[in-house]
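Here the structure is laid out as structure tokens; the discussion comes afterwards.
Counting convention: from 1, in listed order, for ligands and their atoms alike. All values derive from a computational prediction rather than experimental measurement.
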Amino acid sequence: MTDDIIIERDGALGRIRLNRPKAIHALTADMCRVMLDALGEWANDPALQAVTIDHAEGRGFCAGGDIRLIAESSAGDGQAARDFFRVEYAMNHRLFTFAKPVVAFMDGITMGGGVGISQPARYRVATENTRFAMPETAIGLFPDVGGGWYLSRLDGRMGQFLALSGHRLDGAECLALGLASHYLPADALVEAKRRIAADPAGIEDVLDALSTPAPDARILAHRDAIDRLFASDRLEDVLTALDEDGGEWARRQRDTLATKSPQAMKVSLKLLLDGRAMPSFEDEMRQEFAVASHVVQRPDIVEGVRAVIVDKDNAPRWNPDTPRGVSDHLIDRIFAPLPADEEWNPA
Ligand code: QUE
């Protein structure tokens, strides 16, 4: 058991409350296991009508996963990292296939692992506090937890842009892109949760009634540039397009991509290319687990977590350190299926 997550039952409503405020509610393996088990029970409980996911104490919805554990494990045999991904992805998949309505309150930082527990929800509530991103290329990882599925299904090349750059979206932008289903002022959430608990079958009406008009979605001003400059599935082409554009926005994106792991960016582009054509979310998670299992055997996660999280010098020395250095052969090895006895399967 763990105090980092609170599971509550309130009549026909099941509540999952993240409660690890010191780490902005980043998910540990224990938290994922507890969520997986609660969802398993509730799926088979005819009296259970709906589920809400939010954070309890403090700020932020969910900052990601247990990235220090992943990096420490990656420096060794990688077993603990694979164990973490296995249970996290099982929980992500159970949420995705959960037949009853789920509401996620993305009231604050919603990154990495936080995206994996909000995007599968039928109702995804953004607020003025929402800060949404898949920032993994900064630490040599890739947009997992179903990122290859969700990002590849956004309009145009928005997903590729978000995956490569780790760009942060606010709540209004999440609503405009379909990453959120509703936009509520944060001070309406207490009332929304009270009404949902009183009427778990009426979630949509409750959220519709408490929604307010969202501010302008600033990212839409760059939609055409994103579709044009991030049009290619080859990283080298994207970088060339940004170099040749000559505009201020393109230059800023080019500078951002220069800080990211070249391997992670190439992995991300292929993940979205494949993810768009995946027959099922189960197949997506099987592929992401194979990729994660291979990536924890490579040096970039240890170096990325050192540079961004541990030493905070923001000066990672990537290996390979150029896009050209990341060969097609290396990418093929990273995407190779695992042997049957090691592959991911739904719990
Ligand atoms: C890129 C990432 C992550 C990140 C920062 C990045 C990530 C993640 C965390 C994180 C943040 C705060 C915590 C924590 C983890 O930061 O995946 O435990 O307290 O989980 O630039 O991918």
* Would you say the side chains of N19 and D4 form a donor-acceptor pair under 3.5 Å? -> no

What's the shortest distance from [atom] to any protein heavy atom, and which residue and atom give it?
{"atom": "atom 15 (C) of ligand 1", "result": "G65 O, 3.6 Å"}
{"atom": "atom 17 (O) of ligand 1", "result": "I67 CD1, 3.6 Å"}
{"atom": "atom 1 (C) of ligand 1", "result": "P135 O, 3.3 Å"}
{"atom": "atom 9 (C) of ligand 1", "result": "A63 O, 3.7 Å"}

* Which part of D66 is near ligand 1, with near meaning a heavy atom under 4.0 Å away: side chain, backbone, both or neither? -> neither

* Asked: Where's the contact between A26 and ligand 1, heavy-atom distance under 4.0 Å: side chain, backbone, both or neither?
  -> side chain

* Asked: Do the non-hydrogen side-chain atoms of Y123 and P101 ever get within less than 4.5 Å of each other?
  -> yes

* Asked: Should the pair R153 and W149 be classed as cation-pi, given the thresholds of under 6.0 Å to the six-membered ring centre and 45° from the axis?
  -> yes

* To do: For the residue pair H55 and F61, categorise the inter-ring angle as parallel (less than 30°), tilted (30 to 60°) or perpendicular (more than 60°).
  => perpendicular

Quick check on contacts: which atoms of ligand 1 are under 4.0 angstrom from a heavy atom of [X]?
{"X": "V308", "value": "21 (O)"}
{"X": "I309", "value": "4 (C), 5 (C), 16 (O)"}
{"X": "A138", "value": "21 (O)"}
{"X": "I139", "value": "1 (C), 2 (C), 22 (O)"}
{"X": "E136", "value": "22 (O)"}
{"X": "G64", "value": "20 (O)"}
{"X": "A23", "value": "13 (C), 18 (O), 19 (O)"}

* Not counting sequence neighbours, which residues clear side-chain hydrogen bond (donor to acceptor under 3.5 Å, both in side chains) with H182? List them please. => D208

* **Basic-acidic side-chain contact under 4.0 Å: E72, R68** => no

* Could you tell me whether a side-chain N or O of R298 sits under 3.5 Å from a main-chain N or O of I334, the two making a donor and an acceptor? => no

* To do: Might you work through the side-chain hydrogen bond (donor to acceptor under 3.5 Å, both in side chains) test for D300 and S261, ending with a clear yes or no?
  => CA-CA 7 Å; D300 274 5; S261 155; 2.7 Å; yes

* Cluster companions of I109 among Ile, Leu, Val, Met, Phe, Trp, Tyr (side-chain spacing under 4.5 Å) -> I24, M111

